[in-house]
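In what follows, every chain begins at residue 1, and chains take the letters A, B, ... in the order their sequences are listed. Reckoned from all heavy atoms, side chains included, excluding hydrogens, waters and symmetry mates.
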Number of protein chains: 2
Amino acid sequence: MSKDTLPGLTACNNATLRRATRKIGQYYDDVLAPSGLKATQQGLLYQIHIGNEPAMGAIAASLIMDLSALGHTLKPLIRDGYVETFADPADRRIKRVRLTPLGLAKLDEAMKLWHIAQQRFEEVVGKDQAATLRAVLGDVAELDFDLPPAS
Amino acid sequence: MSKDTLPGLTACNNATLRRATRKIGQYYDDVLAPSGLKATQQGLLYQIHIGNEPAMGAIAASLIMDLSALGHTLKPLIRDGYVETFADPADRRIKRVRLTPLGLAKLDEAMKLWHIAQQRFEEVVGKDQAATLRAVLGDVAELDFDLPPAS
DNA sequence: CATCAACGGTGGCATATGCCACTAATTCAA
DNA sequence: TTGAATTAGTGGCATATGCCACCGTTGATG
């Protein structure tokens, strides 16, 4: 096969996913920009909000995110006063997270913008298509890609 | 709606996409690890390879990636001797990129691992499902989400 | 109780990605 | 031809994300 006819990145599941994530991420970020939050931050605040003062590990697991990455991502939100943490009294290894009143207000503000982004996304992509996409991505995220058992 | 019954992040197209990207990215990264390349780097080397000494802007456009982000991402690959750049003689604003022989060899090595990752992915997800996913993501990445014309 | 393994997070380092201000090269218009 | 507008990249700064080494807390065990 000549170099000129090699397929683009469309064949790679991961590359296609990243490309789409950059595109959609920019779109959601743009719409959320007036709130001063990135889409990732809005999502994180939301995740904290719907949890019951969740532990860091629980948040990381929900988001399929590395625990230390979560710690890093949380720092600007703590610095800006949207989020606060406290040790679990029953197990001081565990650090729980909650929104501050300021954080809750900021989340409300961001959610209004999120609804706009989400609605326009559904219009452009199509409601069914979007639902299918979320369903497939949700499924894929739950799968187990572990290497074949070394046994 | 009580806080306890709020939907998870499954409703947000962007959050679902990011979650899946983290998961799949880790999987592809794991499989590619023996080559010393991240999946993003392998994808970038491949994109450079299939281009005809592409300009930075052309690569960035193909990958729907910010031009400066591409510049940053390229640095480790240049540092490690996989890639080199040169000014377009006809327009010295344009910087073109090509693989070094070392880079080509590394890409070959990585592609072998990529095939393994890709094949296992298709097995676990299902060939049709994977193809559908790529098709939908490809479509979505091409869409225009611009804000309604200010006119 | 003393010890040691397991758990939960932190900090440092590295890549991934984006925005903005700025520079150099080119193009275009007066 | 010369100065304005455009184009292509760079560098700095900030967030996003992951890995690894390390540390304090807990829990299990002799």
Chemist: Separation of A/Tyr82 atom OH from D/dT15 atom P, in whole Å?
Modeler: 12 Å
Chemist: Contact class for B/Arg96 (heavy atom, under 4.0 Å): base, sugar-phosphate, or nothing?
Modeler: nothing
Chemist: Going through the distances and angles, do A/Arg120 and A/Val31 end up as a side-chain contact (heavy atoms from CB on, under 4.5 Å)?
Modeler: CA-CA 10 Å; A/Arg120 187 149 55 220; A/Val31 179; 3.9 Å; yes
Chemist: Does the side chain of A/Arg79 get closer than 4.0 angstrom to OP1 or OP2 of D/dT15 through an N or O atom?
Modeler: yes
Chemist: Side chains of residues 103-112 of chain B: which donor-acceptor partners sit under 3.5 Å, not counting sequence neighbours?
Modeler:
residue  : atom : partner  : partner atom : Å
B/Lys106 : NZ   : B/Ser35  : O            : 2.9
B/Lys106 : NZ   : B/Glu109 : OE1          : 3.1

Chemist: For A/Asp91 and for A/Asp80, locate the closest nucleotide of DNA chain D by heavy-atom distance; then report the residue assigned to the nucleotide nearer the 5' terminus.
Modeler: A/Asp80
Chemist: Where each residue is assigned the nucleotide of DNA chain C containing its nearest heavy atom, which of A/Arg93 and A/Gly71 is assigned the position nearer the 5′ end?
Modeler: A/Arg93
Chemist: Quick one: do A/Tyr82 and A/Gln41 satisfy side-chain hydrogen bond (donor to acceptor under 3.5 Å, both in side chains)? Show the steps, please.
Modeler: CA-CA 10 Å; A/Tyr82 298 145; A/Gln41 298 179 316; over 6 Å; no
Chemist: Rounded to whole angstroms, how far apart are CE on B/Met56 and P on D/dG11?
Modeler: 10 Å
Chemist: Could you label the plane-to-plane angle of the B/Phe145 and A/Phe121 rings as parallel, tilted or perpendicular, counting under 30° as parallel and over 60° as perpendicular?
Modeler: parallel
Chemist: Measuring to OP1 and OP2 of C/dA24, would you say a side-chain N or O of B/Arg92 lies under 4.0 angstrom away?
Modeler: no
Chemist: Give the intermediate values and the outcome of salt bridge (charged side-chain N to carboxylate O under 4.0 Å, His left out) for residues A/Glu122 and A/Arg134.
Modeler: CA-CA 11 Å; A/Glu122 309 261 320; A/Arg134 287 195 306 275; 2.8 Å; yes
Chemist: For nucleotides 16-23 of chain C, read 5' to 3', which letter fits each nucleotide if B means a protein heavy atom sits under 4.0 Å from the base, S means only the sugar-phosphate is that close, and - means neither?
Modeler: SBBBB---
Chemist: Measure from NZ or CZ of B/Arg98 to the centre of the six-membered ring of B/Phe86 and say whether it is under 6.0 Å with the direction within 45° of the ring axis.
Modeler: yes
